[in-house]
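Reading through the C-alpha cells given below for one structure.
As the structure lists them, so they are numbered: ligands from 1, and atoms in each ligand from 1.
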Amino acid sequence: MKSPVPDYLREVLDSLADNSDGAVADYIPDLKNANPDVFGIAVTTVDGRTHAVGDDETEFSIQSISKPFAYAAALTDRGFDAVANTVGVEPSGEAFNELSLEGESRRPKNPMINAGAIATHSLLGGSVDERVTKAVDFFSTLAGRRLSIDESVCRSEMDTADRNLAIAHMLRNYGIIDDEAHSIVEGYTSQCSINVTVRDLAVMGATLANAGVHPATGDQVVSRAVARQTLSVMAGAGMYDAAGHWLTRVGIPAKSGVAGGLLGALPGQAGVGVFSPRLDSHGNSVRGVKVFERLSDDMGLHLMEAEPYGSSVLRDIRVVDGELRVELQGVIQFTGAENILDALENDDSGAGTVVVDVSRVDRLSDVGRRMVLEGMRRLALDDRTVALIDPDGVLPDPDLGDGRFPEIR
Ligand code: GLN
C-alpha cells in the first residue's frame with residue numbers, strides 16, 4: 001500500500017498552484033529576483049517521517065523564521081530571566097518592522113517582531129562572527145544538515161537596512177542592547193539570510209513540536225521548557241498583526257518570513273514548512289497561509305480542538321480470580337489519571353488485591369505518574385495488596401512511600 005498522505009499534500013499543492021495573489025517582497029532588493037511560482041510543502045511528524053511535495057529542495061532565506069530559533073538559543077544560553085529582561089512575550093498587533101517598545105521597561109514587546117529579534121540576536125553574545133556562527137550551528141543541528149548563508153541576500157538587505165539600524169540604535173539608546181548597533185544588525189541580517197528548504201523547516205518545527213527532541217536523531221536539542229516557551233510566543237505573535245486571526249482560523253503556532261517561507265509547529269504532532277514567495281499585506285506568504293488553512297480544516301490540526309482522551313486510558317477494570325485487575329493504556333496525563341483514580345475510588349468489588357497492568361501504556365507524563373502512584377499508595381494504606389505488571393518499565397521506581405513497593409508481577 002502507498003500512504004495517501006503525500007497524495008493529499010499533492011492535492012493541496014495543485015489546488016493552490018494557480019493562485020498568484022500577493023507580491024514578492026521588494027524592500028530587500030535581492031528578494032525581488034525570486035521566482036514567484038516556486039511552491040513546496042513538507043510535513044515532518046514527531047515520529048520523524050517527512051512527506052514533501054512540490055519544490056521541496058529549493059533553498060530560500062529563512063528571514064523572520066529565524067526569530068523563534070534564535071529566541072530558543074538565547075533562552076538556552078542565557079536562561080529565562082535574562083531573556084525576559086531584554087524582550088517581552090506580549091503580542092504587539094503591529095507590523096513586523098514597527099519601531100516599537102514596551103511602555104515602562106522599553107523592552108521590545110516580543111521576539112517575533114524585528115525590534116525583539118534584533119535584541120534577541122544580541123543575546124547570542126560575542127562578535128558578529130561568533131553570533132552568526134552560533135545561529136548557523138544551532139539551525140544546522142535542528143535541520144539535521146549543514147546550512148549556509150546566502151551572502152548576496154545578506155549584502156542586499158544590509159545595503160537597505162536603515163529601518164533595522166534605526167531600531168537597533170533605539171534599543172541601544174534605551175540600554176536594551178550594549179553592542180554597537182551596526183554590528184548587531186549585521187549579525188541579525190546574516191541570521192535572516194541562512195538558507196533553508198521546506199524540508200528543513202518541517203524538521204526544525206517538528207523538534208519544537210516534539211518537546212525539543214529532534215525527531216530524527218532523538219537528541220534533546222532544546223529543553224522541554226524552551227520548546228514550550230518558543231511555541232507559546234509563536235502562537236501569540238508569530239504572524240505579527242495577523243496573529244489573532246491566525247490563531248483562531250488556523251490554530252497552529254507559526255512563523256512567517258518575507259522570502260515566502262512559513263513554518264508551523266503543532267505540539268505533539270508535526271512540523272510543517274511551506275514556501276511560496278508572494279506575500280499578503282502582513283508580509284505572510286499568500287499560498288502558505290492557504291495551505292495551513294487547508295491542513296487545519298482537513299486534518300483537524302487546530303490547537304484548540306484537542307481530543308478528549310481521558311477515559312480512553314482505562315482499558316478495563318474487572319475482578320479476575322478474586323483480584324481487581326486495572327488495565328491501563330495509551331498516554332496517561334492529568335485527565336487520564338483522574339479517570340483512573342475515580343474508577344478506583346468507586347470500585348465496590350471489595351477485592352483485597354489490586355493489580356495495575358501498565359503493559360499497554362506508552363507513556364505517563366510526570367503528573368500522570370505521580371497521580372497513579374498516589375492512587376496505589378492510598379490503596380496500600382487501605383490495607384489492600386497492590387501489584388504491578390510493567391514489562392516495559394513505563395512506571396520506574398514505583399515507590400509507594402514508607403519504603404513500600406507494589407508486588408511486581
Ligand atoms: N530580515 C528581514 C527584516 O529584518 C526579516 C523580516 C521578515 O521576514 N518578516 O526585515
So, is [X] polar-close to ligand 1, with some N/O to N/O distance under 3.5 Å?
X      : result
Tyr27  : yes
Val258 : yes
Ser64  : yes

List ligand 1 atoms under 4.0 Å from [X], heavy atoms only on the residue side.
X      : value
Phe96  : 6 (C), 9 (N), 10 (O)
Tyr240 : 7 (C), 9 (N)
Cys192 : 1 (N)
Gly257 : 8 (O)

| query | Which one holds for Asn97 and ligand 1: side chain close, backbone close, both close, or neither close, with close meaning a heavy atom under 4.0 Å? | reply |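 Looking at Asn97 and ligand 1, no heavy atom falls under 4.0 Å.
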| task | Give me the ring orientation class for His121 and Tyr188: parallel if the planes are under 30° apart, tilted from 30 to 60°, perpendicular past 60°. | result |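 The arrangement is perpendicular - the two ring planes meet at more than 60°.
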| Can you say whether the rings of Tyr27 and Phe96 are parallel (under 30°), tilted (30 to 60°) or perpendicular (over 60°)? |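 The arrangement is tilted - the two ring planes meet at 30° to 60°.
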| field | Closest approach of any protein heavy atom to atom 3 (C) of ligand 1, naming residue and atom | value |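 Answer for atom 3 (C) of ligand 1: Glu157 OE2, 3.1 Å.
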| said: Run the side chain to side chain contact (heavy atoms under 4.5 Å, CB included) test on Val358 and Ile389 for me, step by step, so that the C-alpha distance in whole Å, both residues' side-chain angles and the decisive distance to 0.1 Å come before the verdict. | reply: CA-CA 6 Å; Val358 294; Ile389 302 177; over 6 Å; no
| Under 4.0 angstrom from ligand 1, any heavy atom of Asn114? |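 The answer is yes: ligand 1 sits under 4.0 Å from a heavy atom of Asn114.
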| How long is the span from the CZ atom in Phe69 to the OG1 atom in Thr207, to the nearest 0.5 Å? |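 Between atom CZ of Phe69 and atom OG1 of Thr207 there are 7.5 Å.
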| message | For the backbone of Glu293 and the side chain of Ser296, can you confirm whether one donor and one acceptor N or O come within less than 3.5 Å of each other? | response |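 No, the answer is negative, given that no donor and acceptor are paired below the 3.5 Å cut-off.
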| task | Could you go through the salt bridge (charged side-chain N to carboxylate O under 4.0 Å, His left out) check for Asp7 and Lys2 one step at a time? | result | CA-CA 9 Å; Asp7 298 341; Lys2 197 171 151 295; 3.0 Å; yes
| If we only count heavy atoms from C-beta on, is the Met376 to Leu395 side-chain gap below 4.5 Å? |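 When only atoms from C-beta onward are counted, Leu395 and Met376 do touch, with a gap below 4.5 Å.
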